Number of protein chains: 2
Amino acid sequence: MQQPLAPGEKASASATRHWEGHSSVYGLTMTPTPAPGRTVLQDDSAERILDAAAALFIEGGYEGTSVSSIAKSTGMTAAALYWHFPSKIDILFAVLERDVREGYAEVEKAVRSQEPRQRLREYVDAFVRQQIREAETRNFSYSTLISSLPQELRQEMLKLGAPYIDLLRGILTSGREAGVFEFADVRVTAFAISTMCEYVFTWFRANRSLSQDAVCALYTDLAVRMVSTPPAL
Amino acid sequence: MQQPLAPGEKASASATRHWEGHSSVYGLTMTPTPAPGRTVLQDDSAERILDAAAALFIEGGYEGTSVSSIAKSTGMTAAALYWHFPSKIDILFAVLERDVREGYAEVEKAVRSQEPRQRLREYVDAFVRQQIREAETRNFSYSTLISSLPQELRQEMLKLGAPYIDLLRGILTSGREAGVFEFADVRVTAFAISTMCEYVFTWFRANRSLSQDAVCALYTDLAVRMVSTPPAL
DNA sequence: CCTACCGATCGGTAGG
DNA sequence: CCTACCGATCGGTAGG
C-alpha cells in the first residue's frame with residue numbers, strides 16, 4: 001500500500017503517480033506524489049500542457065524549447081509542470097505518443113475499401129497528406145523530434161508506431177492472398193513504403209510548385225507499382 | 001587593413017577570417033581574428049576538429065554535445081575552436097557538408113554501368129548500403145543532425161545534396177529515353193526513391209534479423225519496380 | 001591558440 | 001489532509 005508522504009519527503013520513482021505514461025529513466029528526484037486514484041485524462045491541465053508543448057516543440061525543437069516557455073504558454077509556472085510530468089523529456093514523449101495515436105486514427109479511418117489495391121491507395125494518400133499538411137506549418141516534424149528522445153524512449157516510440165505498420169502489412173498480405181500483389185518480403189516492403197511516405201516533408205517544402213494532391217497521386221501510384229503483379233522486371 | 005585586437009576586444013562578424021564556409025547567421029560576437037592569409041584546408045587542426053565533432057555529434061546529437069567536449073577530444077581548449085570556426089553550428093554544418101560530399105563520391109563511384117536499369121540498381125544498392133552502415137554504429141545519423149540546423153542552413157544543406165538527386169534524375173531520365181523506364185514525374189519519383197533509401201536507418205536497427213545484403217537486394221528491386229515499363233497498374 | 005572569465009539561461013526543486 | 005499550484009532560487013553549464 002502507498003503511504004502518505006511526510007512533508008518534504010521525496011517520492012521514489014516507483015511510487016504510484018497520478019500522471020500516466022513512461023517513468024523517467026534518469027535518476028532524478030521527483031516532486032511529492034499526490035494521492036493516487038486520479039488520472040491525467042480527467043485533468044485537462046495535462047492536455048493543455050501537451051497542446052502548448054507540441055506547438056513549441058514543433059516551432060523550435062526540443063532543446064530549443066525551455067520548460068518555462070511551455071509553462072508561460074499554459075499560464076502556469078515552470079514548477080507547476082512538474083506536478084503533471086516528472087521531467088521535460090516525459091512531456092515530449094507524451095506529445096509524441098498522443099500524435100502517433102491521432103495520426104494512426106486518421107489513416108485507419110481513411111482506409112475503408114475492401115479491395116487491396118484501393119486500400120493501399122487510401123493508406124498512402126492519407127499518410128502522405130498528413131505528412132505534407134504537417135510539413136507546411138512546422139519547423140520540426142514529429143519524426144525529427146523523435147531523435148531528441150534518449151535511446152530507450154526512442155525504442156518505446158517505435159513500438160507505438162506498430163499499428164501504423166501493421167495496418168500496411170495487413171493490406172499487403174491480403175493483396176498477396178488475393179493475387180493482386182506480389183513482393184519478396186512483407187516487412188521490408190512495408191517499411192519501404194512507410195518511410196517513403198513519412199519523410200515526404202524532407203523535400204516537399206523546397207518544391208512549392210507541386211500541389212498536395214499531385215504529390216499524393218504520384219506517391220500512390222509509386223506504392224501500387226512497388227507491389228503489383230505482374231512485376232515489371 | 002586589419003588592426004591587431006587589444007586584449008578582450010571582440011572582432012566584428014565582418015572581419016576577415018581565415019576559416020572558410022558559412023558566416024554565422026546569428027548576431028553572436030566573435031573571438032579575436034587571426035592574421036589573414038591562411039586557409040583551413042592547409043590546416044589539419046580544422047580537420048581534426050571535424051573528425052572529433054562528427055564522432056561526438058553522432059554519439060550524442062548536436063545539443064547533447066558541448067563545445068568543450070569537442071575541444072577536449074581534439075586536445076584543444078574550448079576557446080581555441082573559435083579560432084577555426086565562428087560558432088558551434090558552423091562546426092556542425094562543416095561536418096555535414098564534408099559527409100555529403102564523401103557520401104556522394106561513394107555513390108557516384110558505384111554507379112558505373114551504362115544500362116539504365118543496372119545503373120539504378122547500383123545507385124540504390126550503394127545508397128542503402130551506406131545508410132545501413134552508418135545506422136549500425138551511430139545514435140544520430142547525419143540525416144537527423146540536419147534538423148539541428150536553423151532554417152537557413154538547412155536550406156543550404158538541401159542544396160548540397162543536389163548532386164545526389166541529380167545523379168538519380170539523370171538515371172531515371174536516360175532510362176525513360178531508352179524506353180525501359182516509365183514514370184509520371186521525374187522530380188517526385190527521384191525524391192521518393194531517394195528518401196526511401198535515406199531513411200532505412202529509422203527501422204533497420206530494430207530488425208536485426210535482416211542482413212545488409214538482403215535489404216539492399218529488396219530495396220533495389222522495389223526501386224526498379226517503381227519506374228519500370230510496362231507498369232503493372 | 002590559452003587563461004580567465006562574462007551574461008543568460010538551463011532543467012529541476014525548495015518550503016508553504 | 002487534499003489538489004493545484006506560487007515566488008524564488010538552487011547548482012551547473014551553455015556558448016562565446
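Please read these numbers as outputs of a predicted model, since none were measured by experiment.
In this structure, Thr77(B) reaches the bases: a heavy-atom distance under 4.0 Å links it to at least one base atom across the strands shown.
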Checklist entry - What do the steps show when you test Glu136(A) against Phe204(A) for side-chain contact (heavy atoms from CB on, under 4.5 Å), and what is the final call? => result CA-CA 8 Å; Glu136(A) 300 227 275; Phe204(A) 183 75; 3.7 Å; yes
Checklist entry - Yes or no on side-chain contact (heavy atoms from CB on, under 4.5 Å) for Phe191(B) and Arg169(B), after CA distance, side-chain angles and deciding distance? => result CA-CA 9 Å; Phe191(B) 276 128; Arg169(B) 285 186 193 176; 3.7 Å; yes
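Listed nucleotides dG12(C), dC2(C), dC6(D) differ in distance to Ala80(B); the shortest reach to its side chain belongs to dC2(C). With dC5(D), dC1(C), dG11(C) as the candidates, the nucleotide lying closest to the side chain of Ser45(A) is dC5(D). Comparing dT3(D), dC1(C), dG12(C) by their nearest atom to the side chain of Ser87(A) picks out dG12(C).
The side-chain tip of Arg138(B) does not point at the ring of Phe57(B) from less than 6.0 angstrom away and within 45° of straight on. The cationic atom of Arg154(A) (NZ for Lys, CZ for Arg) does not lie both less than 6.0 Å from the six-membered ring centre of Phe93(A) and within 45° of the ring axis.
Atoms CG (Leu92(B)) and C1' (dG15(D)) sit 15 Å apart, rounded to a whole Å. Rounded to an integer number of Å, the gap from Glu63(B) CD to dT9(C) C1' is 15 Å. The separation between Asp90(B) atom CG and dG15(D) atom C1' is 13 Å, rounded to whole Å. Nucleotide dA14(D) holds its C1' atom 9 Å from the OH atom of Tyr82(B), rounded to whole Å. Taking atom NZ on Lys88(A) and atom P on dG12(C), their separation rounds to 8 Å, with Å as the unit.
When the P atom is compared between dG12(C) and dA8(D), the two are found 22 Å apart, to the nearest whole Å.
Contacts between residues 68-76 of chain B and DNA chain D, counted as heavy-atom distances below 4.0 Å, involve no residue at all.
Note on Ser66(A): a side-chain N or O is less than 4.0 Å away from OP1 or OP2 of dC10(C). At dC1(C), one or more side-chain N or O atoms of His84(B) fall inside 4.0 Å of OP1 or OP2 (strictly under the cut-off).
For the residue pair Ser68(A) and Ala78(A), the shortest heavy atom distance occurs at CA-CB, 4.1 Å.
A donor and an acceptor atom, one from each side chain of Glu198(A) and Ser143(A), are located under 3.5 Å apart.
Remark: DNA chain D forms no stem of 3 or more consecutive Watson-Crick or G-U wobble pairs with all pair distances under 3.5 Å.
By the side chain to side chain donor-acceptor pair (under 3.5 Å) test, Ser147(B) pairs with no residue at all, sequence neighbours left out.
Using a 4.5 Å cut-off on side-chain heavy atoms (C-beta onward), Leu149(B) and Leu96(B) make contact.
In this structure a side-chain-to-backbone donor-acceptor pair under 3.5 Å is missing from Tyr219(B) to Ile193(B).
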